[in-house]
Amino acid sequence: MSLAKTYKKMTAKTVGERYHSASGLRHDLVEVRRLLGAGDSAALKYWEISTKDVSSFFILPTCDGGASRRA
C-alpha cells in the first residue's frame with residue numbers, strides 16, 4: 001500500500017501534489033524498503049509519506065485562497 005502511495009505521489013497530475021525533491025522521494029523509498037524488510041505491516045499501514053520532502057524553492061499555492069470570481 002505505501003509503495004502505491006509513493007507511486008501515486010510521483011505521478012500526481014498537478015505539480016504541487018508531486019514530490020518536490022529527489023531526496024524526499026529517496027527517503028520514502030528507503031523507508032518502504034526498510035519496513036517491508038522488517039515485515040512491519042502495521043507501520044506500513046499508518047506510515048505517512050513525504051515527511052522529509054522539502055523543496056529548495058519557494059512554492060506559491062495554486063489556488064486563490066477561496067475567493068470566487070464573478071463573470
ask   = Any chain of hydrophobic side-chain contacts (each under 4.5 Å) joining L25 to Y7?
value =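 Yes, one cluster joins them.
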
task = Check whether Y46 and I49 end up in the same hydrophobic cluster, where Ile, Leu, Val, Met, Phe, Trp and Tyr are linked by side-chain heavy atoms less than 4.5 Å apart.
result =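 Not linked; separate clusters.
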
request  = With rounding to the nearest 0.5 Å, note down the distance linking CG in L35 to CG in L44.
outcome  = 4.5 Å

message = Ignoring hydrogens, what is the shortest heavy-atom contact between K5 and K45? Give both atom names and the distance.
response =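 Looks like NZ-O, 4.3 Å.
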
key: Minimal non-hydrogen separation, T6 against Y19, with atom names   = CG2-OH, 3.3 Å

key: Under the side chain to side chain donor-acceptor pair (under 3.5 Å) test, residues paired with S21 that sit two or more places apart   =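 With sequence neighbours excluded, S21 shows a side chain to side chain donor-acceptor pair (under 3.5 Å) to S23, D53, given in chain and number order.
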
T11 backbone acceptor or donor facing R18 side chain under 3.5 Å =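 No; zero donor-acceptor contacts below 3.5 Å.
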
request  = If a pair satisfies salt bridge (charged side-chain N to carboxylate O under 4.0 Å, His left out) and one of its residues is in residues 21-35, list it, with sequence neighbours excluded.
outcome  =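 Matches after skipping sequence neighbours: E31-R34.
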
